[in-house]
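Reading through the structure tokens given below for one structure.
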Amino acid sequence: KWSLPAGFVQPGETLDEAAIREIKEETGIDAEIVGFLGMRTGVIRNEISDNMAIFLLRAVSDAITVQTEELFTAAFLSKQTLEKDAHTSRLLRYLLQSDPFHYLPFNDGMNPGEPFGYTKYRLYFNNGKN
């Protein structure tokens with residue numbers, strides 16, 4: 001099925017850094033964060049918490065190198081192609097219906113203070129600009 005690349009946050013990473021790394025690892029595509037789209041959260045078989053932070057990214061390279069241990073293929077596809085393809089995942093179909101995307105932009109530069117010891121800190125809030 002056509003779906004979104006996904007993975008886990010590594011120690012020392014923020015959610016957005018993990019998204020960029022997973023895109024690179026699974027597809028070879030370099031990307032940058034545009035904003036935070038939303039969350040998918042669920043519980044599998046009443047025991048496994050399954051959560052996904054979904055970011056809007058912009059590709060900064062277009063060369064695709066598929067990590068075959070995780071994916072069968074990867075491609076840049078148009079919205080129209082994905083809408084017509086029976087192999088498009090339900091989540092991706094839901095996101096396609098949301099176009100144009102309303103996202104929360106990231107804001108760098110704020111640190112909640114030294115007592116907490118943050119080495120990285122980003123905020124994603126609606127600033128009314130998109």
Can I get a per-line list of side-chain donor-acceptor pairs under 3.5 Å for residues 11-19, giving both atom names and the distance, sequence neighbours left out?
{"from": "E13", "atom 1": "OE1", "to": "Q10", "atom 2": "N", "distance (Å)": "2.7"}
{"from": "E13", "atom 1": "OE1", "to": "R21", "atom 2": "NE", "distance (Å)": "3.3"}
{"from": "E13", "atom 1": "OE1", "to": "R21", "atom 2": "NH2", "distance (Å)": "3.0"}
{"from": "E13", "atom 1": "OE2", "to": "R21", "atom 2": "NE", "distance (Å)": "2.5"}
{"from": "T14", "atom 1": "OG1", "to": "D16", "atom 2": "OD1", "distance (Å)": "2.3"}
{"from": "T14", "atom 1": "OG1", "to": "E17", "atom 2": "N", "distance (Å)": "3.3"}
{"from": "T14", "atom 1": "OG1", "to": "E17", "atom 2": "OE1", "distance (Å)": "3.3"}
{"from": "D16", "atom 1": "OD1", "to": "R122", "atom 2": "NH1", "distance (Å)": "3.4"}
{"from": "D16", "atom 1": "OD2", "to": "R122", "atom 2": "NH1", "distance (Å)": "2.6"}
{"from": "D16", "atom 1": "OD2", "to": "Y124", "atom 2": "OH", "distance (Å)": "2.7"}
{"from": "E17", "atom 1": "OE1", "to": "T14", "atom 2": "N", "distance (Å)": "2.9"}
{"from": "E17", "atom 1": "OE1", "to": "K120", "atom 2": "NZ", "distance (Å)": "2.9"}
{"from": "E17", "atom 1": "OE2", "to": "K120", "atom 2": "NZ", "distance (Å)": "3.3"}

Which atoms form the tightest heavy-atom contact between [X] and [Y], and what is the distance?
X: G28; Y: S61; answer: O-OG, 4.1 Å
X: F125; Y: L123; answer: CE1-CD2, 3.7 Å
X: A31; Y: L57; answer: CB-CD2, 3.6 Å
X: T27; Y: P5; answer: CG2-CG, 4.3 Å

Contacts under 3.5 angstrom, residues 33-40 side chains, donor-acceptor by atom type, not counting sequence neighbours:
{"from": "R40", "atom 1": "NH2", "to": "D50", "atom 2": "OD1", "distance (Å)": "3.1"}
{"from": "R40", "atom 1": "NH2", "to": "D50", "atom 2": "OD2", "distance (Å)": "2.5"}

All side chain to side chain contact (heavy atoms under 4.5 Å, CB included) counterparts of S98, not counting sequence neighbours
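Here the qualifying residues are Y94, F101.
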
Can you measure from [atom1] ([X]) to [atom2] ([Y]) and round to the nearest 0.5 angstrom?
X: Q97; Y: E83; atom1: CD; atom2: CD; answer: 8.0 Å
X: I20; Y: I29; atom1: CD1; atom2: CD1; answer: 13.0 Å
X: L56; Y: L104; atom1: CG; atom2: CG; answer: 11.0 Å

Return all side-chain donor-acceptor pairs below 3.5 angstrom for residues 69-80, not counting sequence neighbours, or 'none' if the list is empty.
{"from": "S78", "atom 1": "OG", "to": "T81", "atom 2": "N", "distance (Å)": "3.0"}
{"from": "S78", "atom 1": "OG", "to": "T81", "atom 2": "OG1", "distance (Å)": "2.9"}
{"from": "K79", "atom 1": "NZ", "to": "L96", "atom 2": "O", "distance (Å)": "3.4"}

Only counting residues at least two apart or in another chain, list the ones meeting side chain to side chain donor-acceptor pair (under 3.5 Å) with S49.
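Counting only residues at least two positions away or on another chain, S49 forms a side chain to side chain donor-acceptor pair (under 3.5 Å) with N51.
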
Contacts of T68 that satisfy side chain to side chain donor-acceptor pair (under 3.5 Å) - sequence neighbours left out
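Checked T68 against side chain to side chain donor-acceptor pair (under 3.5 Å); zero matches.
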
Okay, side chain of T88, backbone of L82: is any donor-acceptor separation there less than 3.5 Å?
yes

Partners passing salt bridge (Lys or Arg N to Asp or Glu O under 4.0 Å) against D85 (at least two apart in sequence or in another chain)
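D85: no salt bridge (Lys or Arg N to Asp or Glu O under 4.0 Å) contacts found.
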
Please list, chain by chain and in numerical order, all residues satisfying salt bridge (Lys or Arg N to Asp or Glu O under 4.0 Å) with R58, sequence neighbours excluded.
E32

Connected-component partners of F8 among ILVMFWY, side-chain separation under 4.5 Å:
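Traced through the cluster, F8 reaches no other member.
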
Ring pair (Phe, Tyr, Trp, His ring centres under 6.0 Å) involving Y118 - partner list, sequence neighbours excluded:
Y121

